[in-house]
4 protein chains.
Amino acid sequence: MPVKTVPGRPRDPATERRILDAALRLLRADGYNRMSVDAVALEAGVSKPTIYRRWPSKADLATAAIRTLQLLEPPANTGSTPTDLVQILENFCRSLLRPNGMSLLGTVLAEEQHTPELIQLFRERIVTPRRAMLRDVLLRAKARGELTPQADLDCAVNLLVGAFYARYLAEAKIPPAFARHLVDILWRGIAVQPERKPY
Amino acid sequence: MPVKTVPGRPRDPATERRILDAALRLLRADGYNRMSVDAVALEAGVSKPTIYRRWPSKADLATAAIRTLQLLEPPANTGSTPTDLVQILENFCRSLLRPNGMSLLGTVLAEEQHTPELIQLFRERIVTPRRAMLRDVLLRAKARGELTPQADLDCAVNLLVGAFYARYLAEAKIPPAFARHLVDILWRGIAVQPERKPY
Amino acid sequence: MPVKTVPGRPRDPATERRILDAALRLLRADGYNRMSVDAVALEAGVSKPTIYRRWPSKADLATAAIRTLQLLEPPANTGSTPTDLVQILENFCRSLLRPNGMSLLGTVLAEEQHTPELIQLFRERIVTPRRAMLRDVLLRAKARGELTPQADLDCAVNLLVGAFYARYLAEAKIPPAFARHLVDILWRGIAVQPERKPY
Amino acid sequence: MPVKTVPGRPRDPATERRILDAALRLLRADGYNRMSVDAVALEAGVSKPTIYRRWPSKADLATAAIRTLQLLEPPANTGSTPTDLVQILENFCRSLLRPNGMSLLGTVLAEEQHTPELIQLFRERIVTPRRAMLRDVLLRAKARGELTPQADLDCAVNLLVGAFYARYLAEAKIPPAFARHLVDILWRGIAVQPERKPY
DNA sequence: CATGAATGAGCTTTCATTCAT
DNA sequence: AATGAATGAAAGCTCATTCAT
């Protein structure tokens, strides 16, 4: 009884990866609209039909490329809430300061009307996981009684993450201790105050 | 010939306005790349060379369109610092929630590599003025001794403004009392605390 | 090894039929150029190389599909020449008025320069047999002395068959008694006249 | 008061002609589907946008090309009905025997489902005018009392015109006296018979 | 033998820009 | 100054055909 194999020529497993990598790079470098399937094919070293066989349109290709994104950083857990927050935010900061760090975000926003799948996936793969990490840290803090009862965790997350966007938009560079300064202010705003304990 | 005049047919100043309005609208609706000079000409009711006579390229046209942007809201000054902040932020929020409110921001970010003038002008015309308004409120507060000495005003501005970006990215809608919640947290973080005075 | 067999897996004869049926349907529906081998493969439930293994090119596939065509109607023989003619022509008419009834004819004409095999086979399988049926009826009539000596049978066939093409081209619909009217006129033109016998 | 001129660069009037001529030639030579806008542009010596400025799609271009078709032959009127008919039919025959004489007809038939404008215009420009010429001759004959009362003129036209299609389909060549033979038969079929007068 | 994968060449259409009046 | 016409270069997508299993 021979081993059952799939019929037909098998796909080169590296091809898929190369196409998506190329698409993602060009998406970052050029934005969705400037990214051409031709350029992706050239950079991936395949022909265009090889791409269209896998994804039926350029939008699907871009979507698939964004779907491969994922946060790799493990959640921080040092015991100190502010330190955990700073650590997560500094990872975030590093990703923003990479070349084209903000351009993918720009593209998904700019294409929101024309290609809404992009921002949906960007949310799902990048935005939400990072927010969840921050939120988890804050939830642990709350469980330990470190936060004032009325502290709004979701607002806190928005303040922390958003400050980087705001700063980037204002200046395109971010000073080294930025994350720490943010957390300093925020922590005074949400933590139980009497024992204004330094961390 | 007493009066000095330029020879030839004079330019219609209303034309310029119409072109830039059309360009700005399309820039918001479609993004830089999808915006076509043809479409701008059509919407402005002029021909393409009329545009190219004024701005030598599509990038210059887009740049000029963004240059016309300006914040119209008068700075708040109610006497209460938190109230002033909330007022400015709610204006900001309204502009974000207009149709295509975020898409221009997305476009300038996405085009940062290819057309860096766009983000420069966007900063100059929109981002910086709004930050200045917030900063002024905080400076007044500081002068009145409301803030802790170590409060970093720039960080505070980033926290406030950025929170809206972060929230929009996460959900594309912003709850009504959002600005107030943000200011609540921030104010605890930067104001002199002993007399935790309600505002 | 007494029984002589071909080595290897034998071809499924039903496959051949399915491919040709699909090809013929698409040829009629879309014309030669719009018919894609992909679509044929899909509709036949086979892969493209399965097709290319049997016919070396798209032209050969189309040719083979047309080769399968054949007239199925039995020749008429009622004893009355005009009735026989009308019967054959009404069969013809029905085939023309089927969906895409004329499109295959159009395709073979349109492709005459590029793929001349098509029209050759169409002649051989469809045109000639039907003409032969009409011709046979007329030959029998001649043998019975019904026709004038100088009557040109080939011309008569052209007149009868062609009238349908002309009518279709002019209007795309054919009135019910059309065949009878044609035969009426023709019969007066070729039959021995003195005893203008009604049929 | 200066003479009012149209603004803008005027179109080269020869361009339109050249494009349509090229389109028509390629339509005949290759059929609608094989005809590429690229090839038309090349043959006409213009760029593709020059074509697309005038006709918004390939179908519109082909339609316009067919719309330029017209019968140039003046209607015959020799006094003898059969001679008039023969004359018109021999003109028709000449047009069929030109290179690609039948291919345009084939194309409009083949495209009937996908591009129905083509056959509509072909009818309007070519088919109908020729039929009208034949019909006029027969109407004059009827007015002179040459035809039997019950003669169906439309059927007669179909018989005459169609015979050429049928013949071409059967053999792709047409003998010299074909038209005369057809008229011979038809005339016996529709003319008043007693004085079987030779013409 | 039959399959799914791959390809080079082509398709229609659009765009930013320049020309000629 | 302003127009409509023209263009070279690309874009997204499809096709007939061949390859590798």
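Reminder, nothing fancy here: chain letters follow the sequence lines and each chain counts from 1. A quick note: this is a predicted structure, and the numbers were derived from the prediction, not measured.
Note on B:Ser36: only backbone sugar-phosphate atoms sit closer than 4.0 angstrom, heavy atoms only; bases stay farther off. Base contact: A:Pro49 has a heavy atom under 4.0 Å from a base atom. Nucleic acid contact class of D:Asp12 (heavy atoms, under 4.0 Å, all strands): sugar-phosphate only. A:Arg34 comes within 4.0 angstrom of nothing in the nucleic acid, heavy atoms only.
Judged by distance alone, with hydrogens and angles left aside, A:Arg9 brings a side-chain donor or acceptor within reach of the base of F:dC19, the pair sitting under 3.5 Å. On a pure distance criterion of 3.5 Å, a polar donor-acceptor pair joins the side chain of C:Lys48 and the base of F:dT17.
Closest contact between the side chain of A:Arg11 and the listed nucleotides E:dT3, E:dA6, F:dT7 involves E:dA6.
Distance D:Lys58 NZ to E:dG10 C1': 11 Å, rounded to the nearest Å. Summarising the geometry, the separation between CD1 on B:Ile51 and P on E:dT18 is reported as 14 Å, rounded to the nearest angstrom.
Here salt bridge (Lys or Arg N to Asp or Glu O under 4.0 Å) pairs that include residues 54-67 of chain A, with residues two or more places apart or in two chains, are A:Glu16-A:Arg54.
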- Query: Under the side-chain contact (heavy atoms from CB on, under 4.5 Å) criterion, do A:Leu104 and A:Leu69 qualify, and how do the steps go?
  - Reply: CA-CA 11 Å; A:Leu104 193 55; A:Leu69 287 175; 3.6 Å; yes

Expected list for residues 17-25 of chain B: side-chain donor-acceptor pairs under 3.5 angstrom, two or more places apart:
| from | atom 1 | to | atom 2 | distance (Å) |
| --- | --- | --- | --- | --- |
| B:Arg17 | NH2 | B:Asp21 | OD1 | 3.3 |
| B:Arg18 | NE | B:Ala44 | O | 3.0 |
| B:Arg18 | NH2 | B:Ala44 | O | 3.2 |
| B:Arg25 | NE | B:Glu43 | OE2 | 2.6 |
| B:Arg25 | NH2 | B:Glu43 | OE1 | 2.9 |

- Bracket notation of DNA chain E in which parentheses pair within the strand, [ ] cross earlier pairs, and | pairs with another strand (Watson-Crick or G-U, under 3.5 Å): .||||||||||||||||||||

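Contact annotation: the side chain of A:Phe122 never approaches that of A:Glu117 to less than 4.5 Å [non-hydrogen atoms, C-beta and beyond].
Along DNA chain F, the nucleotide nearest to C:Pro56 and the one nearest to A:Asp38 differ in position, and the one closer to the 5' end is contacted by A:Asp38.
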